[in-house]
J.: 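Would you mind keeping the following structure in view while I ask a few things?
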Amino acid sequence: MLRQAGIELAGVTFDPMIASFVLDPGRRSHAIENLSLEHLAHALPSYEDVVGKGKNAQGFPAIAPSVAGDYSGTRSMAVLALQAVFQPFLERMAAEPLFRGIEMPLIEVLVDMEWRGIAIDAEVFARLGREFQEELSTLVRQIYAAAGEEFNLNSPKQLGAVLFEKLQLPVLKKTKTGVSTDADVLAQLAAMGHEVPHLILEHRELQKLLSTYVDVLPGAVNPRTGRIHTTFNQTGAATGRLSSSDPNLQNIPVRSPRGEAIRRGFVPGPEWVFVVADYSQIELRLMAHMSEDPAFIAAFRRGGDIHRETAAIIFDVPAPEVTSEMRARAKTINFATIYGQGPFALAKQLDIPQQDAKEFIAAYFERFAGVRAFLDRQVEHARDQGYVETLFGRRRYIPEIKDKNFNTRAFGERTAQNSPLQGSAADLIKRAMISIHHGLRAQGLEAQMLLQVHDELVFEAPLAEVDAVRDLVKREMESAADLLVPLVADVGVGPNWLDAKA
DNA sequence: TTCCGAGTCAGG
DNA sequence: CCTGACTCGG
């Protein structure tokens with residue numbers, strides 16, 4: 001906002017939203033109105049109070065100076081008063097390094113990223129729009145023909161009626177309110193040879209990609225800059241991750257061929273290229289480091305494919321003899337472990353009996369006893385201390401861990417196991433972002449960081465700077481922390497987001 | 001017209 | 001496990 005007015009803010013030393021986030025990232029809101037009400041017992045006028053809401057809303061410039069002044073002035077006073085409240089807590093909780101060393105310096109990095117924005121190729125999106133629309137129309141005709149009637153394909157309720165009542169397909173899963181028609185269910189029905197579920201799956205994919213990305217992103221281009229400017233929320237995710245919204249550029253498709261086509265539509269400025277870097281298996285590496293499990297550490301130090309390595313250990317065969325089936329199993333259980341999943345969730349994921357999943361997990365933890373101990377330690381810590389923390393001391397409180405309800409408690413336990421890993425990964429990439437931001441300036445490079453997608457950074461750079469940027473990014477990402485296992489970042493260069501990814 | 005919960009699914 | 005967006009329907 002200030003930059004638009006030609007004002008460059010410097011020397012920002014204390015942001016109460018960030019302080020609140022560091023002290024308790026699990027809070028519902030870190031909005032200044034709420035912080036003021038709670039910590040200062042003082043109600044601030046909300047933005048909506050001042051400009052109105054809905055169709056009556058006016059722009060801030062239209063607000064009478066006395067009202068706008070009151071709005072801004074009371075906020076400024078709240079900021080100062082909140083600093084007095086939070087500063088002693090930051091010190092007492094040893095949260096200063098996280099606050100001063102990571103979160104506060106990150107603000108200007110994110111401001112620059114948002115300000116710069118990212119370009120898309122309008123031609124690509126226009127073409128995809130036509131193609132997807134065409135395919136969608138064909139599918140809709142086929143589905144109506146196969147179902148023998150027309151209905152709203154976007155309504156799970158109507159779809160359920162057609163599939164499970166009219167066509168008499170077996171009900172495999174239920175939701176709170178009715179019959180489930182999610183992708184999992186449809187895939188199983190399709191595998192049983194039913195045509196309609198297969199067509200619906202195809203329809204769902206196209207509908208999703210079209211209505212969430214292809215149709216929307218071109219409209220998100222700022223006419224003044226010709227680029228899309230997302231908002232990175234620094235206080236939104238309880239684990240310490242960033243989130244992105246309006247539009248969310250952290251969930252751009254990539255897993256399907258059509259998703260890849262969308263990613264090809266994100267492009268650098270003319271004559272520039274994308275440099276894309278992503279951490280290799282960062283959460284698993286952190287698990288190896290934090291658990292100090294000798295087998296896991298050795299597997300990472302051997303280099304190579306970690307899922308293959310773990311498969312070799314679990315199934316007790318030499319790494320070259322690991323089949324793709326074994327590797328897929330190992331990969332699934334590796335992720336299940338990061339997420340703190342138990343036999344129930346794993347069984348569902350692998351589509352095997354719960355008893356088999358139980359034995360599988362037992363075999364896994366027998367080989368990786370250090371990992372088991374680490375995960376147990378997190379749960380125990382959450383019970384004793386009320387919170388868990390990351391490598392850089394980011395705390396997350398987990399009151400659910402003492403809940404009387406079994407499901408709530410189990411949720412708390414999974415959170416206790418997952419948050420230190422997900423949160424430490426967030427700490428690391430944030431550190432890397434700060435040092436890369438400084439490095440680019442120090443070397444006088446024009447290249448700029450555009451996006452962060454949890455374990456990935458997207459830059460655009462002039463061709464002449466590619467080597468320097470690649471080296472800087474890789475070096476800073478890999479040295480963001482000194483772990484017991486190597487920290488590896490893969491860097492790629494290309495003419496669009498898809499092709500720049502290794 | 002607007003809001004909200006539920007279901008679904010895109011990413012990590 | 002962590003998110004945000006779209007659609008439906010009350």
J.: To the nearest 0.5 Å, what is the distance between CD1 (A:I118) and CG (A:L451)?
T.: 4.0 Å

J.: Can you label the angle between the A:F266 ring and the A:F125 ring as parallel, tilted or perpendicular, going by 30° and 60°?
T.: perpendicular

J.: Can you tell me how far apart CG (A:L199) and CZ (A:R141) are? Round to the nearest 0.5 Å.
T.: 12.5 Å

J.: Say you draw a straight line from OG of A:S243 to CG of A:N248; how long is it, rounded to the nearest 0.5 Å?
T.: 7.5 Å

J.: Between A:E114 (side chain) and A:F232 (backbone), is there a donor-acceptor pair under 3.5 Å?
T.: yes

J.: Restricting to non-hydrogen atoms, name the atom on A:L139 and the atom on A:L206 that form the minimum distance, rounded to 0.1 Å.
T.: CD1-CD1, 3.5 Å

J.: Using the heavy-atom set of chain A and a strict 4.0 Å cut-off, write down the first and last nucleotide of DNA chain C that makes it in, 5' to 3'.
T.: C:dC1 to C:dG10

J.: Hey, could you give me the CE/CG distance between A:M477 and A:D278, rounded to the nearest 0.5 Å?
T.: 7.0 Å

J.: Check whether the ring centres of A:Y364 and A:F368 lie less than 6.0 Å apart, and answer yes or no.
T.: yes

J.: Do any of residues 413-426 of chain A sit with a heavy atom less than 4.0 Å from DNA chain C, and if so which?
T.: A:R414, A:T415, A:N418, A:Q422

J.: In Å, rounded to the nearest 0.5 Å, how long is the span from CG of A:L428 to CZ of A:F392?
T.: 5.5 Å

J.: Any idea which heavy atoms bring A:E205 and A:S256 closest together, and the distance?
T.: OE2-OG, 2.9 Å

J.: Rounding to an integer number of Å, can you tell me how far A:L153 CG sits from B:dC9 P?
T.: 13 Å

J.: Tell me what A:N248 touches on the nucleic acid: a base, only sugar-phosphate, or nothing, going by heavy atoms under 4.0 Å.
T.: sugar-phosphate

J.: Within the side chain of A:D293, is there an N or O that forms a donor-acceptor pair under 3.5 Å with the backbone of A:V371?
T.: yes

J.: Return the residues of residues 200-215 of chain A meeting this criterion: a heavy atom under 4.0 Å from some atom of DNA chain B. Order them by number, or give none.
T.: A:R204, A:K208, A:Y213

J.: Between B:dA10 and A:R255, is there an OP1 or OP2 to side-chain N/O distance shorter than 4.0 Å?
T.: no

J.: Taking CH2 from A:W497 and P from B:dA10, how many angstroms apart are they, rounded to a whole number?
T.: 16 Å

J.: Return the value, rounded to whole Å, for the distance between atom OH of A:Y279 and atom P of B:dG12.
T.: 17 Å

J.: A:Y387 and A:H381: aromatic ring centres closer than 6.0 Å?
T.: yes

J.: Identify, residue by residue, the members of residues 156-176 of chain A with a heavy atom below 4.0 Å from DNA chain B, and return them in order of residue number, or none.
T.: A:T175, A:K176

J.: Do any of residues 384-408 of chain A sit with a heavy atom less than 4.0 Å from DNA chain B, and if so which?
T.: none

J.: Heavy-atom contacts under 4.0 Å between residues 281-292 of chain A and DNA chain C, which residues?
T.: none

J.: Please classify the nucleic acid contact of A:F411 as base, sugar-phosphate, or nothing, using heavy-atom distances under 4.0 Å.
T.: sugar-phosphate

J.: Could you go through the salt bridge (charged side-chain N to carboxylate O under 4.0 Å, His left out) check for A:R127 and A:E131 one step at a time?
T.: CA-CA 6 Å; A:R127 176 175 54 77; A:E131 287 176 7; 3.3 Å; yes

J.: Can a donor-acceptor pair be found between the side chains of A:E195 and A:Q142 at a distance below 3.5 Å?
T.: no

J.: Hey, could you give me the OG1/CZ distance between A:T310 and A:R327, rounded to the nearest 0.5 Å?
T.: 8.5 Å

J.: Does a donor on one side chain sit under 3.5 Å from an acceptor on the other, for A:W497 and A:E260?
T.: no

